[in-house]
Amino acid sequence: MSVQSWSEIVRDLQANWPIYASMPFVAAAVGFGTKIVAIKMMFRPRTYRGFKPFGWQGIIPRRAPQMAEVLCDTLTGRLITSAEIVERLDGKRISKLLDRPLRPLLDEMVRDTAETYQPVVWNSLPPFAQAAVVQRAQEAGPKVVEGLVEDIRDHIDEVFDLKDMVTRVLREEADVLESMFLDVGRREFAFIRNSGAFFGFGIGLVQAVVWAIFHNPLIIPVFGLFTGWFTDWVALRLIFEPKEPTKYLGVVTWQGLFLKHRIPVSKEYGELIATNVLTADKLINEVFTGPKRANLLPYLEKRVEKALRKQTAGLSELLEMKVGGVNLSGISVGSVSLGSIFGAANLSVPAIGEENIARMRDDFSATLMDRLPEVLPAIEAYADEAMLIKPTMVDRMVSMTSTEFEGVLRPAFQQDEKTLIAVGAILGFLVGELQVFIVEHLSTHVK
């Protein structure tokens with residue numbers, strides 16, 4: 001490789017100074033542009049494009065299952081547990097909130113159950129007596145709900161799997177997983193882009209000097225390759241390292257940007273989780289429609305059976321109701337009094353039979369389990385407020401160790417970090433080749 005003399009360098013600079021002046025800016029553009037491409041490649045495209053092995057799918061969507069598990073471990077293992085979420089819910093408050101929306105549902109269910117299991121007695125009752133039976137069930141409804149909340153609280157790990165729910169949400173809702181990286185890490189992504197331009201400009205200055213000395217066509221693409229590779233590599237290092245503030249050369253103090261921004265990141269992450277993942281509607285629906293819903297059914301059946309036995313035992317009180325000064329039992333339906341109908345039916349639990357009681361309990365409980373989600377939106381606003389997801393997340397994240405905190409964003413880069421850096425290097429090399437072509441055609445050759 002020949003070296004130009006000082007006089008040759010001076011003449012070349014005088015003749016081609018615009019080209020030399022452009023080199024740092026071109027290198028800055030290469031650094032900036034390759035960073036934009038690298039960031040885009042992390043998230044796009046969401047589905048595989050191209051023909052294998054010559055194609056690409058965004059790192060985040062391609063690694064969604066693994067990343068969901070990593071984030072889920074951080075979320076459910078270190079930040080919040082299902083037990084502390086549910087223990088903040090007040091069963092009495094929930095039962096009061098559900099009292100009104102439950103009434104029409106219980107009205108329908110009681111009438112259907114009575115028609116199925118005691119059609120003769122039920123159809124013999126006048127409308128106001130049927131309404132009285134329904135009202136008794138409606139008054140018992142809040143107690144059933146309150147007891148069920150206690151059962152859920154006492155057996156939360158049996159009836160609800162927080163980790164499974166979070167993992168499923170992150171896998172199925174691509175926008176949520178993407179936001180967890182893109183929104184929370186937006187400062188870091190901006191730094192990657194800007195640092196590419198900054199470091200690229202510095203490398204371009206060196207490139208201009210080396211080109212002036214050697215004038216070898218390989219210099220520019222090699223520097224382009226180095227620019228793409230180095231700016232990617234150093235940007236990723238500066239985001240996560242060092243974990244603690246460290247002074248360099250006795251002048252510059254630096255801490256990994258992500259760790260430095262711990263407080264605002266914690267608030268944004270908490271907000272994101274509270275509004276997209278651990279929301280009241282998702283948590284409540286998971287309990288009643290999730291894979292562990294079958295484990296909740298026996299607890300509901302126990303509460304329903306207790307209420308059913310109480311209601312059945314209290315039917316004798318219904319016969320003492322007076323209509324126009326006459327006991328209900330004395331009122332006739334056709335030629336037969338209600339008292340004789342009730343007496344013949346003998347509505348005591350032993351007479352109804354334990355088997356029928358069990359069938360009524362099972363059917364009523366299964367229907368109630370299926371239909372409760374219809375009325376549960378009534379408690380969502382209260383539940384969101386009571387669960388304190390956001391403040392809990394913020395407090396826990398702030399108290400995390402540097403290594404634990406790094407794990408919130410680091411997986412997005414770790415999965416294919418080497419690939420991203422290699423892509424940056426290749427793009428830099430290709431731009432360098434183009435730059436050589438332009439330089440050779442625009443340069444004024446001097447002797």
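Note that the structure is predicted; figures quoted are calculated from it, not measured.
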Q.
Taking the ring centre of each residue, are Phe223 and Phe230 less than 6.0 Å apart?
A.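 Between Phe223 and Phe230, the centre distance exceeds or equals 6.0 Å.
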All side-chain hydrogen bond (donor to acceptor under 3.5 Å, both in side chains) counterparts of [X], not counting sequence neighbours:
X      : value
Arg186 : Glu268
Lys96  : none
Asp99  : Arg103
Lys282 : none

**Q.** Minimal non-hydrogen separation, Pro24 against Leu205, with atom names
**A.**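 Minimum heavy-atom separation between Pro24 and Leu205: CG-CD2, 3.4 Å.
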Q | For Pro373 against Thr289, the heavy-atom pair lying closest together | A | CG-CG2, 4.2 Å
**Q.** Full working for ring-ring contact (aromatic ring centres under 6.0 Å, His included) between Phe32 and Phe25
**A.** CA-CA 10 Å; Phe32 187 80; Phe25 294 98; over 10 Å; no
Q: With side chain to side chain contact (heavy atoms under 4.5 Å, CB included) as the test, would you mind laying out the steps for Asp107 and Gln138 before giving the verdict?
A: CA-CA 7 Å; Asp107 185 323; Gln138 290 172 329; 3.8 Å; yes
In Å, rounded to the nearest 0.5 Å, how long is the span from [atom1] of [X] to [atom2] of [Y]?
X      : Y      : atom1 : atom2 : answer
Ile94  : Ile152 : CD1   : CD1   : 8.0 Å
Ile379 : Leu98  : CD1   : CG    : 5.5 Å
Asn16  : Leu13  : CG    : CG    : 8.5 Å
Asp151 : Ile156 : CG    : CD1   : 11.5 Å
Thr47  : Arg44  : OG1   : CZ    : 10.5 Å
Thr367 : Phe364 : OG1   : CZ    : 8.0 Å

Can you list every pair that meets side chain to side chain donor-acceptor pair (under 3.5 Å) and has a residue in [range], with sequence neighbours left out?
range            : answer
residues 235-247 : Arg237-Glu417, Lys243-Glu406, Glu244-Ser402
residues 159-168 : Asp73-Lys163, Asp164-Arg168, Arg168-Glu286
residues 251-263 : Glu188-His261

Q) Who pairs with Arg93 by salt bridge (Lys or Arg N to Asp or Glu O under 4.0 Å), at least two apart in sequence or on another chain? A) none
Is any side-chain heavy atom of [X] less than 4.5 Å from a side-chain heavy atom of [Y]?
X      : Y      : result
Asp175 : Arg46  : yes
Ile85  : Ile80  : yes
Met387 : Leu278 : no
Leu376 : Glu380 : no
Gln207 : Val26  : no
Pro391 : Leu388 : yes
Thr113 : Met360 : yes

Is it true that the side chains of [X] and [Y] contain a donor and an acceptor less than 3.5 Å apart?
X      : Y      : answer
Arg88  : Thr392 : yes
Tyr382 : Asp90  : no
Asp281 : Asn285 : no

Got a donor-acceptor contact below 3.5 angstrom from the [X] side chain to the [Y] backbone?
X      : Y      : answer
Thr279 : Asn276 : no
Asp384 : Ala280 : yes
Ser365 : Asp362 : no

Q. Checking side chain to side chain contact (heavy atoms under 4.5 Å, CB included) for the pair Ile239/Ile192: CA distance, chi angles, key distance, verdict?
A. CA-CA 8 Å; Ile239 287 176; Ile192 289 175; 3.4 Å; yes
Q) Under a 4.0 Å N-O cut-off, is there an ion pair linking Arg303 with Glu146? A)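 Answer for the salt bridge query: no.
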Inspect the surroundings of [atom1] in [X] and state if more than 12 heavy atoms from other residues, nucleotides or ligands are less than 6.0 Å away.
X      : atom1 : answer
Lys302 : NZ    : yes
Tyr248 : OH    : yes
Tyr117 : OH    : yes
Tyr48  : OH    : yes

(Q) Can you pull out every ring pair (Phe, Tyr, Trp, His ring centres under 6.0 Å) where at least one residue sits in residues 65-109? Sequence neighbours excluded, please. (A)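 Those involving residues 65-109 do not exist here.
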Q: Output every pair passing ring pair (Phe, Tyr, Trp, His ring centres under 6.0 Å) with a member in residues 141-174, not counting sequence neighbours, ordered by first then second residue.
A: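 Counting only pairs at least two positions apart or across chains, the ring pair (Phe, Tyr, Trp, His ring centres under 6.0 Å) contacts touching residues 141-174 are His155-Tyr299.
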Q: For the pair Trp229 and Phe226, name the ring-plane relationship: parallel under 30°, tilted 30 to 60°, perpendicular over 60°.
A: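 Plane angle between 30° and 60°, so tilted.
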Which donor-acceptor pairs under 3.5 Å do the side chains of residues 290-298 make with protein atoms, sequence neighbours left out?
residue: Lys292; atom: NZ; partner: Asp157; partner atom: O; Å: 2.8
residue: Arg293; atom: NE; partner: Phe288; partner atom: O; Å: 2.8
residue: Arg293; atom: NH2; partner: Asp370; partner atom: OD1; Å: 2.9
residue: Asn295; atom: ND2; partner: Glu158; partner atom: O; Å: 2.8

Q.
Run the side chain to side chain contact (heavy atoms under 4.5 Å, CB included) test against Gln130 and tell me which residues pass, sequence neighbours left out.
A.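 Gln130: side chain to side chain contact (heavy atoms under 4.5 Å, CB included) contacts with Arg111, Trp122, Leu125.
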Q: Determine, step by step, whether Leu162 and Leu283 satisfy the side chain to side chain contact (heavy atoms under 4.5 Å, CB included) criterion, reporting the C-alpha distance in whole Å, the side-chain angles of both residues, the deciding distance to 0.1 Å, and the verdict.
A: CA-CA 8 Å; Leu162 179 62; Leu283 291 167; 4.2 Å; yes
Q.
Lys390 vs Glu385, test: salt bridge (Lys or Arg N to Asp or Glu O under 4.0 Å). Steps then yes/no.
A. CA-CA 10 Å; Lys390 182 180 177 181; Glu385 179 182 349; over 6 Å; no
Q: With salt bridge (Lys or Arg N to Asp or Glu O under 4.0 Å) as the test, would you mind laying out the steps for Glu374 and Arg371 before giving the verdict?
A: CA-CA 6 Å; Glu374 298 175 17; Arg371 300 199 58 184; 3.0 Å; yes
Q: Assess whether side chain to side chain contact (heavy atoms under 4.5 Å, CB included) is satisfied between Leu372 and Leu102, documenting all intermediate values.
A: CA-CA 8 Å; Leu372 264 178; Leu102 263 178; 4.1 Å; yes
Q.
Check for me whether Arg11 meets the cation-pi criterion with Trp6, that is, NZ or CZ under 6.0 Å from the six-membered ring centre and within 45 degrees of the ring axis.
A.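 No, Arg11 does not lie over the aromatic ring of Trp6.
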